[in-house]
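Heads up: numbering here begins at 1 and tracks the sequence. Remember, it's a predicted structure, so these values are computed and weren't measured experimentally.
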Amino acid sequence: VQLQASGGGLVQAGDSLRLSCAASGRTFSTYAMGWFRQAPGKEREFVATISRSGDYWSYGSSVKGRVTISRDNVKNTGYLQMNSLKLEDTAVYYCAVRLRLSSTRQTEYEFWGQGTQVTVSS
C-alpha cells in the first residue's frame with residue numbers, strides 16, 4: 001500500500017488544520033492507521049491511531065482534546081483534524097498503516113507516507 005500525506009502548512013497559534021492521508025494499492029479498510037510526528041531535534045512521537053473500522057481510537061497525551069482522527073474507507077483516506085494549534089505542534093506529520101489492530105508503537109507500522117510539514121507561528 002502507498003500512502004500520501006497532505007494538508008500541512010504554515011498556520012498561526014490557535015488555528016486549525018486538517019491533514020489527509022490517501023491510500024492506494026490495497027484495500028484501506030484492512031489497515032489500522034496511525035499518525036506520528038517528528039519535531040526538529042526530537043524523536044518521532046505518537047499522535048493518534050484509529051482501528052480498521054473506525055470504531056476505536058487513541059491519542060497521544062500531548063494532543064489529546066485538540067485533535068480528532070477519522071477515516072473514510074470508501075475514499076481510502078484517513079484524516080487528522082487539529083485544533084487550537086500550539087507552537088510545539090510544529091513538526092513533520094507522518095501517516096502510517098498496519099494490518100490488524102491499531103497501535104501506538106511506530107515500530108509496529110508496516111507502511112509509511114512521506115510526511116507533511118506543519119509549522120505553527122506565534
Side-chain angles (χ1 to χ4, degrees):
V1 63
Q2 293 80 43
L3 303 174
Q4 180 73 39
S6 62
L10 174 63
V11 297
Q12 291 189 323
D15 284 353
S16 297
L17 203 61
R18 188 177 80 159
L19 306 183
S20 298
C21 179
S24 61
R26 188 167 173 172
T27 306
F28 183 56
S29 61
T30 63
Y31 293 95
M33 184 184 74
W35 285 94
F36 297 82
R37 68 184 184 184
Q38 187 167 22
K42 296 186 177 181
E43 295 186 352
R44 190 157 55 186
E45 67 169 345
F46 167 71
V47 176
T49 184
I50 189 168
S51 63
R52 289 171 292 180
S53 62
D55 60 354
Y56 169 82
W57 51 89
S58 178
Y59 298 100
S61 58
S62 60
V63 300
K64 191 174 293 184
R66 298 189 297 117
V67 307
T68 302
I69 189 171
S70 62
R71 64 189 298 159
D72 186 334
N73 287 340
V74 174
K75 295 183 178 179
N76 290 337
T77 302
Y79 305 97
L80 186 71
Q81 175 69 42
M82 302 189 293
N83 301 321
S84 303
L85 284 162
K86 304 177 179 180
L87 297 179
E88 52 264 41
D89 293 321
T90 295
V92 177
Y93 285 73
Y94 299 90
C95 60
V97 297
R98 69 185 299 262
L99 290 170
R100 302 170 67 183
L101 302 177
S102 58
S103 172
T104 63
R105 299 185 178 92
Q106 56 183 299
T107 56
E108 295 184 351
Y109 284 81
E110 296 141 343
F111 302 97
W112 290 78
Q114 83 290 359
T116 185
Q117 176 71 48
V118 173
T119 303
V120 183
S121 64
S122 58

Q: Before giving the answer on side-chain contact (heavy atoms from CB on, under 4.5 Å), spell out for V97 and F28 the whole-Å C-alpha distance, their side-chain angles and the decisive distance to 0.1 Å.
A: CA-CA 9 Å; V97 297; F28 183 56; 4.2 Å; yes
Q.
Checking Y94 against Q106 for the side-chain contact (heavy atoms from CB on, under 4.5 Å) test, could you report, in this order, the C-alpha distance in whole Å, the side-chain angles of both residues, the deciding distance, and whether it holds?
A. CA-CA 10 Å; Y94 299 90; Q106 56 183 299; over 6 Å; no
Q | Residues M33, L3; criterion side-chain contact (heavy atoms from CB on, under 4.5 Å); working and verdict | A | CA-CA 11 Å; M33 184 184 74; L3 303 174; over 6 Å; no
Q.
Is there a side-chain contact (heavy atoms from CB on, under 4.5 Å) between Q4 and Q114? Walk through the geometry before answering.
A. CA-CA 7 Å; Q4 180 73 39; Q114 83 290 359; 3.0 Å; yes
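Between the side chain of S102 and the backbone N or O of I50 there is no donor-acceptor pair closer than 3.5 Å. The closest donor-acceptor contact from the side chain of R71 to the backbone of G54 lies at 3.5 Å or more, if one exists at all. T27 places no side-chain N or O within 3.5 Å of a backbone atom of S29 that could act as its donor or acceptor partner.
Taking every heavy atom of both residues into account, L85 and R66 meet most closely at CA-NH1, 3.9 Å. Residues L87 and S122 approach most closely at CD2-N, 3.5 Å, considering heavy atoms. The two residues P40 and T90 make their nearest non-hydrogen contact at CD-O, 4.4 Å.
For residues 112-122, no pair satisfies salt bridge (charged side-chain N to carboxylate O under 4.0 Å, His left out), with sequence neighbours left out. Residues in residues 27-58 take part in no disulfide (SG to SG under 2.5 Å) pair, two or more places apart or across chains.
In this structure, CZ on R44 lies 13.5 Å from CZ on R37, to the nearest 0.5 angstrom. Here the straight-line distance linking atom CD1 of I69 with atom CH2 of W57 works out to 10.5 Å at 0.5 Å rounding.
Side chains of V47 and M82 form no contact here, defined as non-hydrogen atoms less than 4.5 Å apart. Contact check for L99 versus E110: side-chain heavy atoms found under the 4.5 Å cut-off.
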Which pairs would a plain distance check flag for residues 6-23, meaning a side-chain donor or acceptor within less than 3.5 Å of a matching protein atom at least two apart in sequence or in another chain?
residue : atom : partner : partner atom : Å
D15     : OD2  : Q12     : N            : 3.1
S16     : OG   : N83     : OD1          : 3.0

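Remark: S24 pairs with Q2 by the side chain to side chain contact (heavy atoms under 4.5 Å, CB included) rule, at least two apart or across chains. In this structure, the salt bridge (charged side-chain N to carboxylate O under 4.0 Å, His left out) partners of R98, at least two apart in sequence or on a different chain, are E108. Applying the ring-ring contact (aromatic ring centres under 6.0 Å, His included) test to F36 and every residue at least two apart in sequence or in another chain returns F46, Y109, W112.
V67 and Y79 fall into different hydrophobic clusters, where Ile, Leu, Val, Met, Phe, Trp and Tyr are joined by side-chain heavy atoms under 4.5 Å apart, directly or via other members.
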